[in-house]
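In what follows, every chain begins at residue 1, and chains take the letters A, B, ... in the order their sequences are listed.
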Amino acid sequence: MRQRILVVEDDDDIRELIAALLSEEGFTVDTARDGRDALRVVAERMPQLIVLDMRMPVMDGWEFAARFHATYGSRVPLIVLTAAEDVRKRALEVSAAAWVSKPFDLGTFIGVIERVARKGPAPTCP
Amino acid sequence: MQEPGASDHDPHPASGRVGAAFAALPIAALVVDPGGVIREVSDAARGHLGGADLWGHGLEALAAGLENLDGSPVRAEDLAALCARDSETTLATAAGARAREVVHVTTRRLAEDAGALITLAEGAPREGPVPFDVAFRDFAERSFDLIAVHEDGKLIYANRITAEVLGYPSALAMVGLPIISLVAHAEREWVSRRIHALYEQRVPVPAVEERLLKRSGETIPANVTALPFPTPGGNGVVVVAHELTAEKAAAHELERLTQLIQAQLETLENIVQFAPVGIAVLRGPVLRFELVNEAFRALAPGATLARRPFAEAMPAMKVLQAPLERVQRTGEPVSAMSSPFWMADRDGTKREFAYAAVPAQGIGEDAVLLIVVEMTALLRAQQRIEQLSEERRRAAAELAAVLENMVEGVLVLDANMRVTMINSSGRSALHQVTDVVPDHIDADMFAKFGLRRLDGSAVALEDTVAYDVLHGGPAGREDYVINGGPEHVIRASVSPILSDKRVLGAVMVVSDVTAEARLERAKTSFIRVAAHELKTPITIMKGYAQALKLRKGGITSERAIDAIVRGADRIDRVVSDLLDVSAFETGSIKLVLGPFRLDAMIHDAVERARVEHPGRDFIIEDTPPLSIVGDRERLTQALGYLLDNAARYSKKNTPIVIDMQVEAGSVQVSVTDQGIGIPEEKQNRVFERYYRAHDDSSIDYGGIGVGLYISRRIMLEHGGRLGFESAEGRGSRFWFTLVPLEAVTP
């Protein structure tokens with residue numbers, strides 16, 4: 001069974017590149033261009049993993065994370081993707097499982113995603 | 001205590017045996033026991049004392065039957081004193097049933113401490129002449145001098161004054177004392193020699209001053225005379241002492257006053273002679289000089305004054321002739337201390353004098369005392385003081401004017417940190433405190449000015465640079481926010497006011513550094529924003545380049561190269577914007593001017609915006625053909641920022657309307673959106689460099705905060721204007737006005 005992954009990123013070029021890479025790695029990829037878009041997607045199809053940009057128009061990464069956790073709990077791991085200098089702090093703020101700072105190496109990026117994905121959903125997941 | 005008739009209570013063992021025999025004695029005699037109780041009374045004694053039965057009573061019963069020769073009562077304790085030793089004295093029986101009579105009282109101590117025997121002899125001692133006759137005693141008791149009689153060196157009589165002055169309880173109590181015991185210790189030796197001489201030679205000794213010893217130990221001076229006196233023993237001496245205390249004090253006082261007056265007279269003489277005031281006494285019809293002091297002589301060096309007429313001897317003072325004559329004639333003094341006259345020195349220097357002339361009747365009927373005081377130095381000093389204070393006033397006024405008109409706010413603090421001066425710039429820099437009276441500003445001055453630390457905390461006086469400076473610290477500066485918000489930042493630079501290394505106060509220069517502080521904050525924020533703005537295209541370029549190289553994600557080379565070019569364009573735009581800001585800041589921007597069609601330019605700009613923001617609805621309302629002169633590229637860039645902002649700050653499904661209005665002599669181009677608008681409190685800052693009105697929200701609207709700044713500068717360079725109307729949550733309308741070509745060259 002292919003793992004479903006949601007990529008939330010406002011920049012079209014970056015979103016398309018990540019989606020293409022993850023599809024090639026065997027994930028089923030959904031995309032969203034901001035936090036509100038992402039909430040709509042997860043309501044339809046819950047992913048096993050979310051790649052989340054932080055600074056976005058309409059609804060940013062913090063608000064999405066807060067709403068997502070409030071509604072669905074924390075069983076789906078988040079991977080923060082940001083250009084901010086204090087990426088680690090951002091990751092902690094939204095209880096992320098891992099982070100990738102922009103700009104990134106493709107190999108590193110895929111490595112982080114796969115490591116989190118291999119752990120699979122939390123044991124409490126039915 | 002013995003009660004009358006208490007004999008059975010304590011009967012004397014002897015009374016039974018001797019009582020009857022004692023009573024029968026032919027002399028008046030009593031026996032007193034050591035406790036002062038009368039144990040035996042002869043009938044003769046009872047007869048003397050008016051028949052009272054004294055047996056078993058105390059000495060007060062005996063005293064009641066006696067009195068002193070002057071009529072004063074005899075006290076029981078006087079009798080007890082007599083009983084304590086062998087003595088003789090003269091008293092009187094108290095007037096009672098019998099006539100008053102003088103009795104000679106003798107006491108003798110009984111053997112084995114058994115008490116005393118008292119005998120009373122009528123009228124006079126048994127033998128010899130009667131030295132203590134009533135007349136002598138009456139005289140002695142009335143005298144104000146101390147009178148005593150001694151025999152063999154022991155007092156047998158002293159008058160009441162003696163007891164009083166020397167501090168004894170009674171004259172009787174002094175009987176039996178050695179006469180020498182009444183003399184001061186230091187003088188006993190020579191006094192004692194005098195007494196011996198008197199006893200041997202029996203001639204009176206002249207009065208001499210001695211010091212008598214009071215019972216308290218004090219001594220008093222007295223003039224003492226002594227002469228032989230016939231007493232029962234035949235070897236008596238009467239001593240008369242005249243107390244000198246009051247006379248002595250008066251004599252000393254007189255001497256002191258005499259000396260004082262002498263000294264004062266000498267002082268006065270010295271004053272007259274050496275005072276730096278000219279003094280002269282003039283007499284007679286032509287006012288001849290009678291007396292002059294040193295200072296007066298110095299007024300006419302070399303001139304002979306003595307006995308010469310005033311007008312002749314002192315021609316330089318001829319103005320005084322008439323006033324002096326008036327004083328002599330009328331006897332009314334003249335004082336002209338405040339209206340000086342002048343005399344020329346030998347070298348021609350004018351010297352100012354004041355004078356007074358008074359009648360000197362103490363010297364003579366026609367004498368006039370003339371006093372002349374030189375005022376030159378005083379007047380010059382006064383003039384100099386006035387001149388200096390005037391200069392000081394002017395300097396102070398100048399300084400005040402300079403300070404008042406300084407661009408910087410200036411406060412002067414005293415050593416106690418009170419504001420003693422504040423200029424108008426200071427008042428305005430510190431906002432709304434123009435009504436604060438400087439003198440009333442105290443330890444709470446920072447609070448009263450509404451100053452707080454940059455982090456909003458209150459300013460503790462002891463932690464300020466001003467406090468440090470006033471306590472010897474180096475000059476320094478610090479920043480405060482005013483009125484509790486971050487909107488106004490005040491920088492205070494404080495320097496000490498020193499005099500002789502002592503800190504008298506401090507000068508505080510305050511300036512409003514709000515703009516600098518804002519720019520500082522904006523720059524910090526800009527660096528963060530610019531880094532983010534650059535990192536996004538770099539992420540794109542690096543990602544696609546790697547994907548191409550590693551053949552990942554099935555990305556075609558065409559797709560990758562497109563993305564890389566877009567990324568490079570974005571970087572180029574950020575860098576261009578930064579260069580533009582820098583160029584406007586340094587004034588090195590150069591416009592490439594030329595005529596062009598504004599309507600066509602608007603269409604071009606909107607076309608670019610449509611590419612940048614695919615799917616957005618840009619509506620061009622009305623663009624009549626119009627030519628202007630300007631830098632087409634720059635104006636396109638400026639409009640581009642307005643269009644870009646409108647697209648970024650409004651929702652995708654709302655239209656953006658571009659309009660162009662031609663009016664007399666000007667054209668206005670506007671861009672209207674239905675976006676989030678600009679909060680009112682931020683509207684005055686949107687043209688600042690690096691300012692992003694929505695920077696404090698986490699939502700990313702993109703941009704680095706320089707678009708409106710650059711647009712406005714471009715408009716200003718063209719002689720145009722850039723403005724906007726905006727309502728938060730409802731949208732903004734940005735516009736610029738330019739002068740069309742027809743208006744420039746009609």
Side-chain angles (χ1 to χ4, degrees), chain A residues 5 7-27 29 31 33-37 51-66 81-87 89-90 93-94 100-111 113-114, chain B residues 524-525 527-556 559-571 612-616 647-653 675-676 692 694-703:
Chain A
I5 190 163
V7 176
V8 191
E9 162 65 56
D10 64 326
D11 189 274
D12 297 344
D13 286 332
I14 296 175
R15 192 174 61 247
E16 282 176 24
L17 175 64
I18 291 171
L21 289 169
L22 294 179
S23 296
E24 194 181 63
E25 294 300 322
F27 292 97
V29 181
T31 60
R33 50 178 69 241
D34 57 54
R36 199 161 64 194
D37 203 10
V51 174
L52 181 67
D53 185 20
M54 296 308 289
R55 287 180 69 92
M56 292 180 293
V58 187
M59 183 189 289
D60 65 18
W62 287 273
E63 190 172 344
F64 167 78
L81 185 63
T82 179
E85 62 269 39
D86 43 2
V87 53
K89 181 166 164 260
R90 299 290 151 87
E93 280 167 5
V94 297
V100 177
S101 54
K102 290 179 182 175
F104 49 81
D105 273 312
L106 295 193
T108 312
F109 175 71
I110 291 162
I113 302 290
E114 295 208 315
Chain B
T524 310
S525 136
I527 289 167
R528 192 167 44 78
V529 170
H532 185 262
E533 283 299 300
L534 289 171
K535 272 188 176 180
T536 302
I538 290 169
T539 305
I540 294 167
M541 293 163 77
K542 185 175 176 183
Y544 277 91
Q546 280 190 335
L548 204 57
K549 185 181 175 192
L550 303 172
R551 302 183 198 286
K552 284 271 187 187
I555 305 287
T556 65
R559 169 78 185 88
I561 289 165
D562 272 356
I564 290 168
V565 170
R566 267 199 302 278
D569 284 346
R570 282 173 70 169
I571 291 172
E612 284 290 318
H613 301 277
R616 292 308 302 262
R648 277 194 285 121
Y649 292 110
S650 64
K651 287 184 181 165
K652 291 205 164 166
N653 55 358
I676 58 175
R692 302 200 308 173
H694 303 281
D695 221 9
D696 49 3
S697 89
S698 59
I699 294 173
D700 186 18
Y701 295 95

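Annotation: side-chain contact (heavy atoms from CB on, under 4.5 Å) contacts of E93(A) (sequence neighbours excluded): W62(A), K89(A), R90(A). A search for side-chain contact (heavy atoms from CB on, under 4.5 Å) contacts involving A83(A) returns K102(A), H532(B), K535(B), not counting sequence neighbours.
The number of heavy atoms from other shown groups lying within 6.0 Å of CZ (R36(A)) does not exceed 12.
Shown here for G553(B) and A20(A), the closest heavy-atom pair between the two residues is O-CB, 3.4 Å.
D11(A) and R570(B) are joined by a salt bridge, as a carboxylate oxygen and a charged side-chain nitrogen come within less than 4.0 angstrom of each other.
Using a 4.5 Å cut-off between heavy atoms, I555(B) contacts chain A through its side chain alone, with no backbone atom that close. No part of D34(A) comes within reach of chain B, as not one of its non-hydrogen atoms sits under 4.5 angstrom from that chain. Neither the backbone nor the side chain of I18(A) comes within contact range of chain B; no heavy atom of the residue lies under 4.5 Å from a heavy atom of that chain.
Under the salt bridge (Lys or Arg N to Asp or Glu O under 4.0 Å) criterion, the residue pairs touching residues 14-25 of chain A are D12(A)-R15(A), E16(A)-R559(B), E25(A)-K552(B), with sequence neighbours excluded.
T539(B) OG1 to L81(A) CG: the interatomic distance, rounded to the nearest 0.5 Å, is 7.5 Å.
Comparing T82(A), L17(A), I14(A), I110(A) by how many heavy-atom pairs each has under 4.5 Å with chain B, the most go to L17(A).
Chain A is approached within less than 4.5 Å, heavy atom to heavy atom, by I540(B), K542(B), G543(B), Y544(B), Q546(B), A547(B) from residues 540-550 of chain B, ordered by number.
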